[in-house]
Participant: 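Dropping a structure here in C-alpha cells format, bear with me for questions.
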Amino acid sequence: QVQLVESGGGSVQAGGTLRLSCTASGYIIGRRCMAWFRQAPGKEREGVAGISDGVSTYYRDSVKGRFTISQANAKNSLYLQMNSLKPEDTAMYYCAAEENCWTPGFSSTWSRLQDYHYWGQGTQVTVSS
C-alpha cells in the first residue's frame with residue numbers, strides 16, 4: 001500500500017521560509033515522476049513544482065526563483081524549499097506521485113492532476129502579510 005506523508009507546513013510572515021517534506025512508503029521515488037500541488041480555499045488545486053528522473057524540475061511561473069523541488073533517494077523523500085513566501089502562497093500543499101511516467105513528456109504534463117495516482121493528506125501553509 002502506497003502512502004505519502006507530508007510535513008513541514010506552518011504559519012510564517014511574508015518573506016519567510018518553509019521546507020516541506022514528503023516521505024513515501026510502498027513506493028520507491030528513485031527516477032519516478034512526482035510533484036507538489038496546492039489548493040487554496042475556494043480555488044482549484046494547482047501544480048506548484050514537478051520532478052522527474054530525480055533531476056529534471058519544473059515550476060509554475062509564480063514560484064520560479066523562490067521554490068525548489070528536490071528529492072533524497074536514500075530517505076525516499078521529496079522536498080519543497082519555499083523562500084520569500086507571499087500571502088498568495090497560502091494553501092494546503094499536497095505531495096503527489098505517478099504510477100507510470102513517460103519522462104520525455106513530463107515537462108508539459110507535470111501539473112496535470114489526473115496523471116497522479118497517489119496523494120498525501122496535505123500540509124497547511126499560511127503566510128501572513
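The model shown is predicted, which means the values in this text are computed figures rather than measured ones.
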Participant: At what distance, to the nearest 0.5 angstrom, does CD of Glu44 lie from CZ of Phe37?
Facilitator: 12.0 Å

Participant: Can you tell me how far CD of Gln81 sits from OG of Ser21, rounded to the nearest 0.5 angstrom?
Facilitator: 9.5 Å

Participant: Does Trp110 share a hydrophobic cluster with Leu113, counting links as ILVMFWY side-chain heavy atoms below 4.5 Å and allowing steps through other members?
Facilitator: yes

Participant: What are the two closest non-hydrogen atoms of Leu78 and Ser70, and how far apart are they?
Facilitator: CD1-O, 3.4 Å

Participant: Return the minimal non-hydrogen interatomic distance between His117 and Asp115, and the atom names on each side.
Facilitator: ND1-O, 3.6 Å

Participant: Counting C-beta onward and ignoring hydrogens, is there a side-chain heavy-atom pair between Trp36 and Met82 closer than 4.5 Å?
Facilitator: no

Participant: Is the shortest side-chain heavy-atom distance between Asp89 and Arg66 below 4.5 Å?
Facilitator: yes

Participant: Under 3.5 Å, is there a donor-acceptor pair between the side chain of Tyr116 and the main chain of Ser111?
Facilitator: no

Participant: Verify the cluster assignment for Val12 and Tyr93: are they in a single hydrophobic cluster under the rule of side-chain heavy atoms below 4.5 Å apart?
Facilitator: yes

Participant: Can you establish whether the number of heavy atoms outside Gln1 located under 6.0 Å from its atom CD is more than 12?
Facilitator: no

Participant: With side chain to side chain contact (heavy atoms under 4.5 Å, CB included) as the criterion, how do Val63 and Arg38 come out once you've worked through the C-alpha distance, each side chain's angles and the decisive distance to 0.1 Å?
Facilitator: CA-CA 12 Å; Val63 307; Arg38 67 186 181 188; 4.1 Å; yes

Participant: Looking at every heavy atom in both Tyr59 and Ala49, which two are closest together, and how far apart are they?
Facilitator: CD2-CB, 3.5 Å

Participant: For residues Ile29 and Ile51: do they belong to one hydrophobic cluster (side chain heavy atoms under 4.5 Å, members Ile, Leu, Val, Met, Phe, Trp, Tyr)?
Facilitator: yes

Participant: If I compare all heavy atoms of Pro87 with all of Ala14, which pair ends up nearest, and what's the gap?
Facilitator: CD-CB, 4.1 Å

Participant: Please tell me if the side chains of Arg32 and Cys101 come closer than 4.5 Å, counting only heavy atoms from C-beta onward.
Facilitator: no

Participant: Measure across Ala72 and Tyr79 and return the closest heavy-atom pair with its distance rounded to 0.1 Å.
Facilitator: CB-CE1, 3.6 Å

Participant: Supply the atom-to-atom distance Leu80 CG to Leu18 CG, rounded to the nearest 0.5 angstrom.
Facilitator: 9.5 Å

Participant: Taking the side chain as every heavy atom from C-beta outward, state whether Trp119 and Val2 have any pair of such atoms under 4.5 Å apart.
Facilitator: no

Participant: Could you check whether Ser77 and Thr23, counting side-chain N and O atoms only, form a donor-acceptor pair closer than 3.5 Å?
Facilitator: yes

Participant: Would you say the side-chain atoms of Gln71 pair up with the backbone N or O of Gly30, donor to acceptor, closer than 3.5 Å?
Facilitator: yes

Participant: Once rounded to the nearest 0.5 Å, what's the spacing between atom OG1 of Thr123 and atom CE of Met92?
Facilitator: 7.5 Å

Participant: Is atom CZ of Arg45 surrounded by more than 12 heavy atoms (other residues, nucleotides or ligands) closer than 6.0 Å?
Facilitator: yes

Participant: Can you give me the closest heavy-atom contact between Thr57 and Ile69, atom names plus distance?
Facilitator: CG2-CG2, 3.6 Å

Participant: I'd like to check Tyr27 versus Met34 (side-chain heavy atoms, cut-off strictly below 4.5 Å). Are they in contact?
Facilitator: yes

Participant: Would you please say whether a donor-acceptor pair under 3.5 Å links the side chains of Glu6 and Tyr94?
Facilitator: no

Participant: Starting at SG of Cys22, measure out to NZ of Lys75 and round the result to the nearest 0.5 Å.
Facilitator: 14.0 Å

Participant: Hey, does Glu88 have a side-chain heavy atom less than 4.5 Å from the side chain of Val127?
Facilitator: no

Participant: Compute the centroid of each ring, for Phe106 and then for Tyr58, and state whether the two points are separated by less than 6.0 Å.
Facilitator: yes

Participant: Under the side chain to side chain contact (heavy atoms under 4.5 Å, CB included) criterion, do Gln124 and Thr90 qualify, and how do the steps go?
Facilitator: CA-CA 8 Å; Gln124 178 67 38; Thr90 295; 4.1 Å; yes

